Enquirer: 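Please find one structure pasted underneath; my questions will follow.
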Amino acid sequence: MAVEVAVPVSSDADIIGARTQARQVASALGFTHTATTLIATAVSEVARNIIVHAQRGSVTFERLESNGRHGLRVIARDSGPGIADLARAMEDGYSTAGGLGIGLPGSRRLMDEFVVDTAPGRGTVVSMTKWLS
Amino acid sequence: MSVPILKQGPNLIASIQSALSDEDLIRLRDNLAAQVGQYRSKGVVVDVSPLDVMDSFAIRTLRDIAHTTKLRGAHTIVVGIQPEVAFAMVQLGLALEGVATALDLEEALSTLGALPGAA
C-alpha cells in the first residue's frame, strides 16, 4: 500500500484541487472515465464536509493491491468536532449544517467501501475505496 | 472564475467555462437573479458542459437558480450535463428534480421560443 499523494484542504478552492487530484490518480490507475467521475464526485463531498464542519483537514490517496485486485483508497481526515450521531449522519437528508444531507450517504453509494471513524471532539476520518473491476 | 452571461433577445445564456468554486456558483446565482430583472428576461439557459463533476453543492445551487429566476418571471433550462456526470448525480441521489434540462443550447432555445409569451 503506497501513499500516492496528500492534499491539504482549507478553502473551497481546495475542494476543486482535491477532485482534480482524485481524477489524476484514478485515471493513472486505469479507472474508466465514468468510475473516475464517481470517485471525483465522492471526493468533492468529503472535502466539502471538512470545510463545512472542521474548516481544515486533508485528503489522501492510496493505491491498493489485494489478492490481485487493484484499487484506490481515499482518506479524508480532520480534527473538527466529530460526528455525534453517525447513524443519522449516514441517512439521506440529515444535515447539521443546513446542507442537503447527502454528502456521506451519497459518497457511500458512489464508492465500493465506506468507513467512518469519528467521535465527538475527536475529529473524523472517512475512508472510502473503489476497486478496479 | 466568473461565468459570462450573454443576453440574447429575451433570454440570458450563462456559459460555464471551467470548474467553479462554491463562491463562483453563488455569484452566478446572484448575477442571474439580478440580470433577469434588469433585462426583463423570460428565459435562462445555464450551460454546464465543461463541468466534469457536479456535487451536491453545485446541484443545489443550480436548483436554487431555477427556483429564484422562476420567482422573477423567467424559465431556466440547464443544458450539457455530461453522461458520466448524469450517472454520478443519480448515484449520489440528486437528480435536479423540478429543473428543466435539455441536451444542448439549441434545444433549450427552441423550447424557450415555444413558451407562451415568447417573442
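Every chain is numbered from 1, with letters handed out A, B, ... down the list of sequences. Values in this document were obtained by computation on a predicted structure and should not be read as measured data.
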Enquirer: For the hydrophobic clusters of this structure (ILVMFWY residues joined by side-chain heavy atoms under 4.5 Å, transitively), does one cluster hold both V48(B) and F57(B)?
Expert: yes

Enquirer: Counting only heavy atoms not in Q8(B), do more than 12 sit closer than 6.0 Å to its CD atom?
Expert: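 Open: at most 12 neighbouring heavy atoms sit under 6.0 Å from CD of Q8(B).
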
Enquirer: Distance check, rounded to the nearest 0.5 Å: S44(A) atom OG versus D22(B) atom CG?
Expert: 7.5 Å

Enquirer: So if you build clusters from Ile, Leu, Val, Met, Phe, Trp, Tyr with side-chain heavy-atom gaps below 4.5 Å, do I75(A) and V5(A) land together?
Expert: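 Different clusters: I75(A) never reaches V5(A) through Ile, Leu, Val, Met, Phe, Trp or Tyr contacts under 4.5 Å.
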
Enquirer: Output the residues of residues 87-97 of chain B for which the shortest heavy-atom distance to chain A is under 4.5 Å, in residue-number order; output 'none' if no such residue exists.
Expert: F87(B), A88(B), Q91(B), L92(B), G93(B), L94(B)

Enquirer: Should V53(B) and L62(B) be counted in the same cluster of Ile, Leu, Val, Met, Phe, Trp and Tyr side chains packed under 4.5 Å apart?
Expert: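 Different clusters: V53(B) never reaches L62(B) through Ile, Leu, Val, Met, Phe, Trp or Tyr contacts under 4.5 Å.
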
Enquirer: Can you name the nearest heavy-atom pair linking D52(B) to R23(A), along with the distance?
Expert: O-NH2, 2.7 Å

Enquirer: Quick check: under 4.5 Å, non-hydrogen atoms only, which of residues 11-19 of chain A neighbour chain B?
Expert: D12(A), I15(A), I16(A), R19(A)

Enquirer: Do any of residues 28-43 of chain A come closer than 4.5 Å to chain B, heavy atom to heavy atom, and if so which ones, in number order?
Expert: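 Expected list: H33(A), T34(A), T37(A), L38(A), A40(A), T41(A).
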
Enquirer: Do I102(A) and I81(B) belong to the same hydrophobic cluster, where Ile, Leu, Val, Met, Phe, Trp and Tyr are linked whenever their side-chain heavy atoms lie under 4.5 Å apart, directly or via other members?
Expert: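 In one cluster: yes.
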
Enquirer: Test of understanding: clusters of I, L, V, M, F, W, Y form through side-chain heavy atoms closer than 4.5 Å, transitively. Do I26(B) and L12(B) belong to the same one?
Expert: yes

Enquirer: Name the member of D24(B), I59(B), L20(B) that forms the most heavy-atom pairs with chain A at distances under 4.5 Å.
Expert: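 So the answer, after comparing D24(B), I59(B), L20(B), is L20(B).
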
Enquirer: Heavy atoms under 4.5 Å from chain A: which residues of residues 65-76 of chain B carry them?
Expert: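 Those residues of residues 65-76 of chain B which would need a heavy atom under 4.5 Å from chain A do not exist here.
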
